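The shown structure was predicted, so the numbers you read here are calculated from the model rather than taken from an experiment.
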Amino acid sequence: MTRPVLPRAIAVGAVLVLVCQPVVSANAAENLLSYNKPTTTSSIENASFAGNYAVDGNAATRWASAEGSDPEWISVDLGGPAAITKVKLSWEAAYASEYRIQTSSDGSSWSDVKSVTGSDGTVDEHAGLSVAGRYVRIYGTKRGTPYGYSLWELEVYGSRTGGGDVDPPTAPSGLRVTSSTSDSVALAWDPASDNVGVTGYEILRNGNVVGTATTTTFTDSGLASGTSFTYTVRARDAAGNLSAASAPIQGATQPGSSTGTVLVVAGDIAKPELPGEHTKTAALIAGIKPSYVLTVGDNQYDNGTISEFRSYYDKTWGRFKSITKPTPGNHEWYDKLKGYKAYFGSIATPQGKPYYSYDIGDFHFVALDSDPLTDGITGEQLTWLRQDLARNQKACVVGYWHHPRFNSGKYGDDKTIAPFWNELLKVRADVVFSGHDHHYERIKPLNSSGRVDEANGLRSAIVGIGGDSLYTQIKPREGVEKSFAKHGVMKLVLNGKSYSWEIIGTDGTTLDKAGPYTCR
């Protein structure tokens, strides 16, 4: 089961009950103590969700317990006695509505520090603690969903006490970008100091550890072009003590070889139960800074009502509404497009219908409504499409809508979309983008029968990776060049009479590249 990352916002509505707080020094330095420390769990869903993934500093990995049982727990060994000042829990969609924070000196006898009731998941941050212990346990007593318990990150802050080297290095300073290319950013920083000696550094991109170095330089590679990132660096000593993070800096890759108009394309976006991934894909858009955003349907789940749009989509992708060129999906039609039209207004119906066309440079775009609840595929919309394509004077033609005509995913090929596909074939259109299946797929030019025809066929891509849970049932059909189930967006670049794209994952890396293709 795929459960995406939740946003980093402090949970509200939780009732915190102070149970026991042994007094320790309130002036101790606050450092991250739990990073990559040993964990023990009551259970795991499978080996892909082991306890160590909750303390690895990676917001894309997680611990998950066995489903459907209470209680379940995860504990972390801090490596020695510690003064604990803060515990931060980043819950996945399977969260605890009731749990206890516990400490122990031996990993056997536990004392309650706080009891939490009424948690709504997301991020719970328990600051101002003053407790001592070597072990910290999160003991879940009531699940917030029918699933199990799952944490993206369990972070324990404070300072080590007792014998041995317990002093962390100083935070690195002077972090800077020394150079960049279209897919890499080179960094350098001034060395940290330590009472014994610094053994290495950890480099974080957008809050996640992406590499280590034994020197004061690092090159972050495999990145999306023309995109900005936030970097910090931490120092570590031989005893495993970890410094605070350096001051953050912004670094950006250079634009790719194509320097034309930049667009973002994706669909299947805002799910109320899974707010984290569309928060991350929206952050990608902010980094890309496109001229336009194209959506390929199912912008808002579950029913596309105006209240849902305002509560979820508007808080993430809504920042780009003024440059958005949307299309509806079947979930918007559950509300008969009322919420969709109320939210987007004339942006969604610039020509009075939920289908329309527009030009960008040498490109003519047709945005269609593929849901079977409309009369469009065999009626008014198809007539409009023929007339619109007949009037077009642009060299390049792009179509986009929700349901893919040809598809290796869960729903397979959709014959009801054939009229759209065939009309675009007649005018030798260049490419079609769709969603509906929650994966990415790049397909060679296909004819009306779905066979590869490089000379006369129509190229296509499925980009249903904008935020909802992913579908992994992919059995590549004829013509598939690349496919995977990972969240992200398409960065589409128009340059004269050619186009290319990159698929950018939520960690900022490039998952696929296509083109440049010359318009026909």
Side-chain angles (χ1 to χ4, degrees), residues 22 24 28-66 71-92 96 99-114 124 126 129 131-140 148-169 194 196 198-202 204 208-212 234-245:
V24 298
E30 187 171 83
N31 301 294
L32 179 60
L33 304 176
S34 53
Y35 178 70
N36 272 348
K37 290 297 194 297
T39 59
T40 306
T41 62
S42 56
S43 68
I44 58 172
E45 185 177 331
N46 59 56
S48 299
F49 305 114
N52 61 288
Y53 293 119
V55 293
D56 64 357
N58 186 345
T61 61
R62 61 188 173 92
W63 163 68
S65 73
E72 298 284 354
W73 53 264
I74 179 173
S75 68
V76 57
D77 178 357
L78 303 179
I84 299 162
T85 57
K86 182 171 70 175
V87 174
K88 182 178 178 181
L89 306 174
S90 300
W91 293 102
E92 193 258 347
Y99 61 93
R100 302 172 196 160
I101 301 174
Q102 301 175 319
T103 60
S104 172
S105 61
D106 58 8
S108 177
S109 299
W110 296 92
S111 299
D112 289 345
V113 175
K114 276 191 174 180
D124 290 347
H126 305 285
L129 304 179
V131 294
R134 172 171 176 167
Y135 301 85
V136 173
R137 183 166 74 172
I138 307 305
Y139 191 84
Y149 297 87
S150 186
L151 283 166
W152 293 107
E153 287 296 307
L154 160 57
E155 298 172 83
V156 180
Y157 292 85
S159 61
R160 285 284 309 280
T161 59
D165 180 10
V166 297
D167 295 325
D194 183 68
V196 177
V198 173
T199 57
Y201 298 90
E202 297 173 350
L204 295 84
N208 295 319
V209 176
V210 294
T212 60
R234 301 188 299 216
R236 184 179 285 277
D237 65 20
N241 299 307
L242 189 65
S243 79

Chemist: If you apply the rule side-chain contact (heavy atoms from CB on, under 4.5 Å), what do you find for L129 with K86, and how did you get there?
Modeler: CA-CA 6 Å; L129 304 179; K86 182 171 70 175; 5.6 Å; no
Chemist: Can you sort out the partners of L78 under side chain to side chain contact (heavy atoms under 4.5 Å, CB included), two or more places apart, ordered by chain and number?
Modeler: L33, S34, V76, A82, I84, V136, V156
Chemist: In terms of the angle between their ring planes, are Y149 and W91 parallel, tilted or perpendicular, with boundaries placed at 30° and 60°?
Modeler: tilted
Chemist: Apply side-chain contact (heavy atoms from CB on, under 4.5 Å) to residues I138 and I101 and explain how you reach the verdict.
Modeler: CA-CA 5 Å; I138 307 305; I101 301 174; 4.0 Å; yes
Chemist: Indicate whether the side chain of S150 and that of R62 have a donor and an acceptor atom separated by less than 3.5 Å.
Modeler: yes
Chemist: Applying side chain to side chain contact (heavy atoms under 4.5 Å, CB included), name anything that partners L242, two or more places apart in sequence or on another chain.
Modeler: L32, Y35, E202, R234, R236
Chemist: Taking side chain to side chain donor-acceptor pair (under 3.5 Å) as the test, write out the residues that go with S75, two or more places apart.
Modeler: none
Chemist: May I ask you to decide if A235's main-chain N or O and S243's side chain share a donor-acceptor pair within less than 3.5 Å?
Modeler: yes
Chemist: With sequence neighbours excluded, what pairs up with D165 under the side chain to side chain contact (heavy atoms under 4.5 Å, CB included) test?
Modeler: D167, D194, N195, V196, D237, A239, N241
Chemist: Go through the steps to decide whether E72 and S42 satisfy the test side-chain contact (heavy atoms from CB on, under 4.5 Å), and finish with yes or no.
Modeler: CA-CA 6 Å; E72 298 284 354; S42 56; 2.4 Å; yes
Chemist: Taking only residues two or more places apart in sequence or in another chain, which ones pass side chain to side chain donor-acceptor pair (under 3.5 Å) with T39?
Modeler: none
Chemist: Salt bridge check: are D124 and K88 linked by an N-O gap of less than 4.0 Å?
Modeler: no
Chemist: Taking side chain to side chain contact (heavy atoms under 4.5 Å, CB included) as the test, write out the residues that go with R100, two or more places apart.
Modeler: Q102, D112, S115, Y139, T141
Chemist: Is there a donor in the side chain of S108 and an acceptor in the side chain of D106, or the other way round, less than 3.5 Å apart?
Modeler: no
